[in-house]
J.: 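One structure, as structure tokens, below. Some questions next.
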Amino acid sequence: GDVYKRQMYFKSIIFFSAILGTLCAVDAVRDDVIVLMYETDADLPNDPTSPLHFFQERAKLANLQTTVFGSNMEYQGFGDKYTPLKPMLEMMDKDQLVILADARDVVLNVPANEAVATLAIDNFVEAFEDLTHDAPNAVVMSAEAQCCVAAMAHNAPSDYFDPITKERTMRACASGSDDCPWFQSEYLDEWQNWMKELAFETTGEDISDVYLNAGLMAGYPDDILNLLEVADMNPSEDDQAVLSGLMHQFPDMIVLDYEAELFGNNQWTRGLDDGCVFEFQGENLALSHACLLYTSDAADDTPCVDLGGR
């Protein structure tokens, strides 16, 4: 409730103030972009076998700031991460590009070479600006081939927001809970048909990755804050459903990365053999042209990518 949100707000201010103080002492770290990684398991950053550890190792090579937030939070649902995120964004430099990622499922796809890794981040920033050229205040989100989360079976794309006032009209249920099961609903056809049509209108091609994935996004602090203000999300809500509905009603606020210029996704519904689309190509070669890869196989939440034995 409101008490929980206030508690998380003040905890986040204290936490991020400490992070900012630490970063100021590191001269080499670039200040134009930062990665905020959501993770509730406080032990994961210290696990040398975790994808998060691999991400942070590669981030150091690229002089890229990373901050892990959400440790020891009481889990309430998929919308949890946005409560501590808001005060962090309010304290940040407004010209700093923010990448928001789910920590345990994401790989930083840069080679083990400082110069080339730095160039990869430069290319990421440039690609972001190109994607938002026609929607300069938009947040860019990852596009994937899978749809839809259980909550989307219970509501139509237009159910969550009033298109005039931008106020919430309905709430998304918590996917996977007893009162929010997945089932073959007519609403799923509405979601899928709309997103396929939007992708074709945007790209002019029939592509596979057409559905919003809330696990990876990038934007400037004020634009993400505006998105969160409109989303008005409860911690228990399924963020993928809410943000998909928001994009339906307000398409200028969210741009999907259909061509995987920023974010790449596995296609876990095709199984472990065919769905794990990324392959390790050696220490000095990238896995694909996308800079961040969402690698979860969704079956047991383990990374579906070969990291060269790690």
Side-chain angles (χ1 to χ4, degrees), residues 12-13 15-39 45 52 54-70 81-82 84-103 106-142 214-228 253-257 259-264 286-294:
S12 298
I13 289 177
F15 168 76
F16 199 61
S17 296
I19 292 294
L20 287 175
T22 302
L23 292 175
C24 289
V26 183
D27 295 332
V29 175
R30 61 190 299 160
D31 60 3
D32 61 331
V33 59
I34 185 172
V35 184
L36 304 181
M37 309 186 73
Y38 178 68
E39 177 53 57
L52 174 56
F54 180 85
F55 191 109
Q56 291 176 315
E57 278 188 334
R58 289 300 167 97
K60 290 176 183 177
L61 278 172
N63 298 316
L64 179 64
Q65 300 178 30
T66 61
T67 297
V68 181
F69 72 102
K81 63 185 174 186
Y82 302 105
L85 177 64
K86 185 177 179 180
M88 295 170 67
L89 293 170
E90 289 173 341
M91 296 178 64
M92 294 179 62
D93 183 337
K94 303 308 179 185
D95 294 323
Q96 188 173 42
L97 183 62
V98 176
I99 302 169
L100 180 64
D102 291 338
V106 177
V107 172
L108 181 60
N109 179 30
V110 298
N113 176 293
E114 182 175 352
V116 182
T118 300
L119 180 61
I121 304 303
D122 291 340
N123 291 339
F124 181 98
V125 176
E126 183 177 344
F128 174 87
E129 300 299 341
D130 289 343
L131 283 167
T132 56
H133 181 269
D134 295 327
N137 299 116
V139 174
V140 177
M141 297 192 184
S142 175
L216 277 172
M217 66 181 75
Y220 290 100
D222 283 348
D223 298 328
I224 300 177
L225 283 168
N226 184 43
L227 184 80
L228 298 182
M253 296 186 69
I254 296 175
V255 171
L256 292 193
D257 180 21
E259 305 292 342
E261 297 178 67
L262 309 181
F263 309 123
L287 305 170
S288 83
H289 66 280
C291 196
L292 281 85
L293 308 179
Y294 198 84

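The basis for the numbers below is simple: all heavy atoms, side chains too, and nothing from hydrogens, waters or symmetry mates.
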J.: If you measure from CG on L89 to CG on L36, what distance do you get to the nearest 0.5 Å?
T.: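 Output value for this atom pair is 6.5 Å.
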
J.: With a 4.5 Å heavy-atom cut-off, do L228 and I224 have their side chains touching?
T.: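 Side chain of L228 against side chain of I224, heavy atoms only: contact under 4.5 Å found.
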
J.: If the condition is ring-ring contact (aromatic ring centres under 6.0 Å, His included), which residues does F124 pass it with, not counting sequence neighbours?
T.: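 Checked F124 against ring-ring contact (aromatic ring centres under 6.0 Å, His included); matches are F263.
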
J.: Nearest 0.5 Å please: distance from the OG1 atom of T67 over to the CD1 atom of I34.
T.: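 Answer rounded to 0.5 Å: 4.0 Å.
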
J.: List the residues meeting side chain to side chain donor-acceptor pair (under 3.5 Å) with D93, not counting sequence neighbours, and say none if there are none.
T.: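 Testing D93 for side chain to side chain donor-acceptor pair (under 3.5 Å), a comparison that skips the adjacent residues, returns none.
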
J.: Measure across A117 and A62 and return the closest heavy-atom pair with its distance rounded to 0.1 Å.
T.: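 So the minimum-distance heavy-atom pair works out to O-CB, 3.8 Å.
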
J.: Kindly give the heavy-atom pair with the smallest separation between P111 and V116, and that separation in Å.
T.: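 Heavy-atom minimum between the residues: CG-CG1, 3.4 Å.
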
J.: Could you grab the distance from atom CD1 of I99 to atom CG of L216, nearest 0.5 Å is fine?
T.: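 Between I99 CD1 and L216 CG, I get 9.0 Å after rounding to 0.5 Å.
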
J.: Before you tell me yes or no, could you show the steps for M88 and V98 under side chain to side chain contact (heavy atoms under 4.5 Å, CB included), namely the whole-Å CA-CA distance, both residues' side-chain angles and the distance that decides it to 0.1 Å?
T.: CA-CA 11 Å; M88 295 170 67; V98 176; over 6 Å; no

J.: Is the shortest side-chain heavy-atom distance between L61 and V110 below 4.5 Å?
T.: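 No, side chains not in contact.
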
J.: When rounded to the nearest 0.5 angstrom, what distance separates CG in L262 from CE in M141?
T.: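 Interatomic distance, L262 CG to M141 CE, rounded to 0.5 Å: 12.5 Å.
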
J.: Is there side-chain contact between L256 and I254, with at least one heavy-atom pair below 4.5 Å?
T.: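 In short, these two side chains touch, coming nearer than 4.5 Å.
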
J.: Name all residues meeting the side chain to side chain donor-acceptor pair (under 3.5 Å) criterion together with N137; count only those two or more places apart in sequence or in a different chain, and write none if there are none.
T.: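 Listed in chain order: D223.
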
J.: Could you tell me the separation between the OG1 atom of T66 and the CZ atom of R58, rounded to the nearest 0.5 Å?
T.: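 Atom-to-atom, T66:OG1 and R58:CZ are 14.5 Å apart.
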
J.: To the nearest 0.5 Å, tell me how far L85 CG sits from L225 CG.
T.: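 So the CG of L85 and the CG of L225 are separated by 7.5 Å.
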
J.: List the atom pairs, with distances to 0.1 Å, where a side-chain N or O of residues 128-135 and a protein N or O form a donor-acceptor pair under 3.5 Å, not counting sequence neighbours.
T.:
unit_1 : atom_1 : unit_2 : atom_2 : d
E129   : OE2    : Y220   : OH     : 2.4
T132   : OG1    : F128   : O      : 3.0
T132   : OG1    : E129   : O      : 3.4

J.: Step by step, work out the side chain to side chain contact (heavy atoms under 4.5 Å, CB included) result for N226 and D222.
T.: CA-CA 6 Å; N226 184 43; D222 283 348; over 6 Å; no

J.: Does the Q65 side chain pair with the main chain of R30, one donor and one acceptor, at a distance under 3.5 Å?
T.: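 Yes.
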
J.: Please find the pair of heavy atoms, one from G264 and one from A260, that lie closest to each other, and give the distance.
T.: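 So the two residues come closest at CA-CB, 4.4 Å.
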
J.: Can you establish whether the number of heavy atoms outside K60 located under 6.0 Å from its atom NZ is more than 12?
T.: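 Not more than 12 within 6.0 Å, no.
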
J.: Write down the atom of V255, the atom of A138, and the distance for their closest heavy-atom approach.
T.: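 Nearest pair, atom of V255 first, then A138: CG2-CB, 3.7 Å.
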
J.: Under the side chain to side chain donor-acceptor pair (under 3.5 Å) rule, collect the residues that match up with Q56, sequence neighbours excluded.
T.: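 If we apply the side chain to side chain donor-acceptor pair (under 3.5 Å) test to Q56, skipping adjacent residues, there are no hits.
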
J.: Do V139 and M253 come within less than 4.5 Å of each other through their side chains, counting heavy atoms only?
T.: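 When only atoms from C-beta onward are counted, M253 and V139 do not touch, as no gap falls below 4.5 Å.
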
J.: Within the 4.5 Å heavy-atom criterion, are L64 and L108 side-chain neighbours or not?
T.: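 Sidechains of L108 and L64: in contact.
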
J.: Can you give me the closest heavy-atom contact between A120 and C291, atom names plus distance?
T.: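 Closest heavy-atom pair between A120 and C291: O-SG, 4.2 Å.
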
J.: Closest approach of V106 and A101, non-hydrogen atoms and distance?
T.: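 Shortest heavy-atom contact: CG2-CB, 4.1 Å.
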
J.: Counting C-beta onward and ignoring hydrogens, is there a side-chain heavy-atom pair between L100 and Y82 closer than 4.5 Å?
T.: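 When only atoms from C-beta onward are counted, Y82 and L100 do touch, with a gap below 4.5 Å.
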
J.: Who are the side chain to side chain donor-acceptor pair (under 3.5 Å) partners of D31, not counting sequence neighbours?
T.: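 Partners of D31 by the side chain to side chain donor-acceptor pair (under 3.5 Å) criterion come out as none, since no residue qualifies.
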
